[in-house]
Each structure stands twice: as C-alpha cells, then as structure tokens.
There are 2 protein chains.
Amino acid sequence: MFTARKSDQTRELLLRAAFDEIHRNGFQAASLSKILADTGLTKGALYHHFPNKTALGYAVVDELVTNEITQRWLAPLENQDDPITALRTLLQEAGKSLRPADIMLGCPLNNLAQEMSPVDEGFRERINHIYNVWRGGIAQALMRGQANGTVRTDVHPGETAAFLVAAMEGCMGMAKNAHDPDLLFNCGKSLIGYLESLRVAPKPRVR
Amino acid sequence: MFTARKSDQTRELLLRAAFDEIHRNGFQAASLSKILADTGLTKGALYHHFPNKTALGYAVVDELVTNEITQRWLAPLENQDDPITALRTLLQEAGKSLRPADIMLGCPLNNLAQEMSPVDEGFRERINHIYNVWRGGIAQALMRGQANGTVRTDVHPGETAAFLVAAMEGCMGMAKNAHDPDLLFNCGKSLIGYLESLRVAPKPRVR
DNA sequence: TATGATACATACCGGTTGGTATGTTCACAG
DNA sequence: CTGTGAACATACCAACCGGTATGTATCATA
C-alpha cells in the first residue's frame, strides 16, 4: 500500500528530469531526448504517460512547481501572527539555502513565466494561477497582521503583496544574471528594509 | 553623406527584425528563417553581415538593447537635481507609453537575461554590463540627490539602485504574465511609494 | 571601361527536433 | 494456466534548424 506503483514511479522520474531540463534550458529548448537519456527511459515510456511535450510541461508546472512554491513560500506563512517577521525569515532562509548553482538557474516559476507566457496561453494561465495563490497568501497574511496590530493599517494588502512577489522575483533575476552573491544579498537587504517599513512602529517606552 | 550606405541599411533591417523575433520568442527559439522572411532577405545576406546566429544576437544586445535602455532610462536622469522625482516621472511615463502588447512581451533585456544568462556566457556578460551601467547611473543620481539634500543620506546608493532596477524588472515580469494592466499599475504604485520613502522629509513649517 | 571586391541570392547539407507506428514484456484478472 | 491490457522499447519519419558552398549582380576604383 505504501509502495508506489512502478508506473507512477517512472512518471515521477520523467517529471523530475523534465523539471531539471526545463530549469536549465527553458521549456522550448528543453530536449526530450535529453530527458530520456537522463532517466534511461525511451520515447515509448514518455508518450505513454504524456500525450506530447506541452502536456509534460503543464504537468511539471501543475505538480512540481506549484508544490515547491506552496511548500516553501506559502505553508510557512499560515497561522503566523507576525507576517513581516515570517516573511523576513523566509527570505533569509532562502538566501542561505540557495546554492550558487541554484541562483544561476533562477526561479523555475519566473523562468517559465518570462519564457512561455507570451508564447503559450496554457502555460500562462497555469503560471498566473500560481502567482495569484502566492499573492493571495501574502495578502491574507498581511491582513491578519493588520488585524493583530503588527502591520500598518495604511498598507494595501493586495498591492503590497503583488509588489513583494514582483520584487522577490526581480531580485532573483538580477542575481541569476550577475553571478554575484553580494548583489542578491544587497537586493535582499533593501527588500527586507521595505518589508520592515510596513511594520507598525513599536510603542515608545515611557521613561 | 546623409544617406546611409545600403549595406548598412540591410544590416539595420536584419538587426531590427532579429530584435522583434527574439523579443517575441526568445533567442534560442528565434528562427533565422522567420527573420529572413520578415525582411525579404536571404541566408546570403544574413551570413554576409553576421558570422552566425549568436553574433547576430550579440549585436542586437550591444546595439539595440543597450541603446534603448540608455536612452529611455539613463539619459533622462543625467543633470537632474531631484533624482526621485525624475525616476518617478520616468516610471509614470513608461507606464503610460507601454501598449498592452508591449507589456505582454516584457522587457527585452530582462527576457534575454532570464533565458540566456545560464546558457551563454557571452550573452550574460553583455547583459550584465548593461545592468551595471543602469545601476551605476541610478546610484550616481541618488548620490547627487544626497549631495543637494533631496535624498536621505542614510540610503545606500548602490544597494538601492540595484533594488530599484530589480523591482522594476520584477514588476514588468509580473505584468507580462498577468495580462492585467491593473497589476502593473498597482506594482508601480508600491514601487513609487518605496521611491518616495527615500526622499528627505520636507522641513516642517514653523507656525 | 576593365577589375576586383562587396553585397547579396540560390541550392544544398547534416543534425536534431517532436511525434508515431509497431513490437515486446510483464502484471494481473479470470 | 491463460488471455488481455498496461507499460514500456525499438525503429522510423517529416519538418525544421543553423550553417555552408557556390553563383551572380552591383558598385567603387583605378
């Protein structure tokens, strides 16, 4: 019962190899032959599990990418009293955990968004859905922060969440291109500075 | 003397068609055949002016993309006393001038950066050079603003410039994917809010 | 006006791509 | 034990890719 069916395993194998190949070269330049070589499988296996290359790409977005975003950026935000501190922690943890090789490959979601959204509507819809969920999660966290007095009440949760996600992806994109860890660090510092500016100023002590 | 040599004209024609095709599909997916069909030229012309596809892409970056960034984002910043107002104006003008079709294609520089920087070092170096110039121009403007008292002295010009460029590209990328003009508008609002937070607070009137 | 280089056009090539049609193995139900 | 469909493997295909070799017209120059 706990052992996945072998068929599901090879499907997962294909998905992960596709994710890597797409992460490295983008979807359009991703080579099915390369994916098959990496997995040791053949065209027969691939086209048994997926009707075509596009469907494979969709599955990568719907399953792997969606999962990574929600687990890494949304789940830790739920049931948090102080969303600004929580977001700050997430940013700092991400900064520490990212290996240089990961930085140079960039955010898989952003990569796909920039490449595919003008080219394929199916990709665009799926990617946009993830971004909507992402923005929504941050907006809700900000609203909770406003309710319990940790976030300034004059910030617009939706707009701010959109900007935060945009700025994060922008910083990742810069670092990806710059090959300079300091740049990501500096961008992150400014981003955290902006984040902290959303916080309600602590009450001054009466002395 | 004022009429460009015909050879230069066809080279320019190729460059502009290549820019469009790359802007639409990315460099790797850009089809030379499509470029030639658009221009009415043939392989002979293309490979007379450029040794290969990569060199054509490099020329697009070195000439067209560099020019667009400097003219649109850097030249208007020079000799400006109030960099924050100047940047704000640039952002608002860009927001108004961008047609929906342009938004959906994204920033040509960012597109190339995300696609090519992990794949081709030549592209990465060229793109990074443009970004360095861009960041440098904004940083210098911020420093001038600090010197004449329009920008807070506690902001780090370099870090802030890096974050501003990153956030701009991030906002463009979001809007490109969202197909929602409001999103770009909202992101822009937050970005301008951040920009204004860098300004020296006006001296309170003595009443 | 003769000459040679420049500026293209035409035809062709090997390699890779995504996709398909057919074969084969294997697990499992009857 | 047998049959039957799922789960692959193998072989093959047309289309397109970037690139090249060669031919030709045009233009500058002497």
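First the proteins, then the strands, lettered A, B, ... as listed; each starts at 1.
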Closest to side chain of B/Y47, choosing from D/dC8, C/dA9, D/dT20: D/dT20
Proximity to the side chain of A/S31 - top-ranked nucleotide from C/dA11, D/dC8, C/dT17: C/dT17
Base of D/dG19 paired with side chain of B/K53 (donor-acceptor, under 3.5 Å): no
Distance in angstrom units between B/K34 NZ and D/dG18 P, rounded: 13 Å
Qualifying ring pair (Phe, Tyr, Trp, His ring centres under 6.0 Å) pairs with a residue from residues 142-196 of chain A, counting only residues at least two apart or across chains: A/F163-A/Y194
A/D81/A/R144 salt bridge by N-O under 4.0 Å criterion: no
Under 4.0 angstrom between A/H48 side-chain N/O and D/dC8 OP1 or OP2: no
Pair A/E21 + A/R24, salt bridge at N-O below 4.0 Å: no
Between D/dG19 (C1') and B/L56 (CG): distance, integer Å: 14 Å
Gap between atoms NZ and P, on B/K43 and D/dG23 respectively (whole Å): 19 Å
Rounded interatomic separation in angstrom, taking CD1 from A/I35 and P from C/dT17: 11 Å
Expected output: side-chain B/T160 to main-chain B/V155 donor-acceptor under 3.5 Å: no
For atom NZ of B/K6 and atom P of D/dA25, their distance in whole Å: 15 Å
Whole-Å distance separating the CD atom of A/Q9 from the C1' atom of D/dC8: 15 Å
Parallel, tilted or perpendicular, as decided by the 30° and 60° cut-offs, for the rings of A/H23 and A/F19: tilted
Any side-chain donor near an acceptor of the partner, A/N67 and A/E63, under 3.5 Å: no
Separation of atom CG in B/L13 from atom C1' in C/dA7, rounded to whole Å: 14 Å
Closest to the A/L41 side chain, choosing from D/dA9, D/dG18, C/dC8: D/dA9
Nearest listed nucleotide, side chain of B/S7, among D/dA9, C/dA7, D/dG19: C/dA7
Residue closer to the 5' end of DNA chain C, A/G44 versus A/L32 (nearest nucleotide): A/L32
Phosphate-side-chain proximity, B/H49 and C/dC8, N/O vs OP1/OP2 below 4.0 Å: yes
Gap between atoms CG and C1', on A/L14 and D/dA9 respectively (whole Å): 13 Å
Exercise: identify the closest heavy-atom pair between B/R72 and B/E93: NH2-O, 4.2 Å
B/S33 side chain, from C-beta outward: closest of D/dC17, D/dG19, D/dT10: D/dC17
Interface with DNA chain C, restricted to residues 20-30 of chain A and to heavy atoms under 4.0 Å: A/A30
